[in-house]
Number of protein chains: 2
Amino acid sequence: MNTLMNHVETLKPVFHPVRIAILEELAKGVKCVSELEEFLAISQSNVSQHLSALRLAGIIDYFIDGRLRCYFLKNPMIPDLLEILKKEYPEELPGPECCPVTKKGTYHGDRKK
Amino acid sequence: MNTLMNHVETLKPVFHPVRIAILEELAKGVKCVSELEEFLAISQSNVSQHLSALRLAGIIDYFIDGRLRCYFLKNPMIPDLLEILKKEYPEELPGPECCPVTKKGTYHGDRKK
DNA sequence: CAAGAATATTCGAATATTCTAAAATGCGAA
DNA sequence: TTCGCATTTTAGAATATTCGAATATTCTTG
């Protein structure tokens, strides 16, 4: 049940610009390889390699339709992840209470002085 | 304002077990390096290297308190990301309408037959 | 100032990732 | 069958990441 670190392993290969672009497309619906190739501006073999990596991680899957390979999203974290990536965030989180940022004091931990 | 790919670049270095563990700790509050070192079971220099990488990416920052470096979360995506990583998800997203999974038909795209 | 604590930096080896080019596979049509 | 399309696989070079070991830095206290 160490689900957190499993999720980390799973998502690690998705943090690549091309792979994110692929996932964004697939979030809109099923796409076959040559459609993705058109959309992305990279070689077909490279597209295939990225798809393969994503599939190995269980992020996507495909079904075969004639000579087409139709890829679709499989991992349920992906839509949530894409949402975060597209969201607007403030520059920074508010600083901690006890720090120069807020001028409110010094560290409260238990290290030696 | 292609904020999406910037976010991808930013988050790329966080997908490492040790770094996630660090971020989980920092999500609870400010921590200094030796506290993190205790918690994680790795060398001080390695902790420091991970902290440095996270800081370079703008994920965390620190303030100095005597000889302690007190690290804290800075990037506002992190809490949302940790939430996803800790969430329970169903095994798979529902398959697409037009595929063997749902037995509902074949690909609707416009590739050659 | 010297010593020690807390932390950072540098270097190098091991490993992993990514891309290009080339060759291989599988399917459908003629 | 044979051909051509859609896609994958393989191989290898270029690059990036990660980690341990050694060393350096910075601050505090005596």
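Remember, it's a predicted structure, so these values are computed and weren't measured experimentally. All values below come from the heavy atoms of this structure, side chains included, with hydrogens, waters and symmetry mates left out. We name chains A, B, ... by the order of the sequence lines, and we start the count at 1 in each one.
When the nearest nucleotides of DNA chain C are assigned to Pro13(A) and Ser45(A) by heavy-atom distance, the more 5′-ward of the two goes with Pro13(A).
Side chains of Tyr89(B) and Asn75(A): a donor-acceptor N/O pair is absent below 3.5 angstrom, by distance only.
Between Glu37(A) atom CD and dT8(D) atom C1' there is a gap of 13 Å when expressed in whole angstrom units. Summarising the geometry, the separation between CD on Gln44(B) and C1' on dT7(C) is reported as 5 Å, rounded to the nearest angstrom. One interatomic measurement links the two molecules: CG of Asn46(B) to P of dC19(D), which rounds to 5 Å at whole-angstrom precision. The nearest whole Å value for the distance from the NZ atom in Lys12(B) to the P atom in dA16(D) is 9 Å. Gln49(A) places its CD atom 9 Å from the P atom of dT20(C), with the value rounded to the nearest Å. Atom OH of Tyr62(A) and atom C1' of dA6(D) are 13 Å apart (whole Å).
When the side-chain nitrogen and oxygen atoms of Arg69(B) are compared with OP1 and OP2 of dA8(C), one or more of them lie within a distance under 4.0 Å. Regarding contacts with the backbone of dA8(C), a side-chain N or O of Tyr71(B) is found under 4.0 angstrom from either OP1 or OP2. A close approach under 4.0 Å does occur between a side-chain nitrogen or oxygen of Ser34(B) and OP1 or OP2 of dT7(C). A close approach under 4.0 Å does not occur between any side-chain nitrogen or oxygen of His50(A) and OP1 or OP2 of dT17(C).
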Decide salt bridge (charged side-chain N to carboxylate O under 4.0 Å, His left out) for Glu9(A) and Lys12(A); before the verdict, give the C-alpha distance in whole Å, the side-chain angles of both, and the deciding distance to 0.1 Å.
CA-CA 5 Å; Glu9(A) 283 306 304; Lys12(A) 181 175 172 174; 5.8 Å; no

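No more than 12 heavy atoms of other residues, nucleotides or ligands sit less than 6.0 Å from atom CD of Glu83(A).
Residues from residues 15-24 of chain A lying near DNA chain C, meaning a heavy-atom separation below 4.0 Å, are His16(A), Arg19(A) in numerical order.
Closest to the side chain of Cys32(B), out of dA8(C), dT7(C), dA22(C), is dT7(C). If you check dG20(D), dC27(D), dT10(D) against the side chain of Arg67(B), the one that comes closest is dC27(D). Considering only the side chain of Val33(B), dT7(C) comes nearest among dT20(C), dC27(D), dT7(C).
Side chains of Leu4(B) and Leu82(A) form no contact here, defined as non-hydrogen atoms less than 4.5 Å apart.
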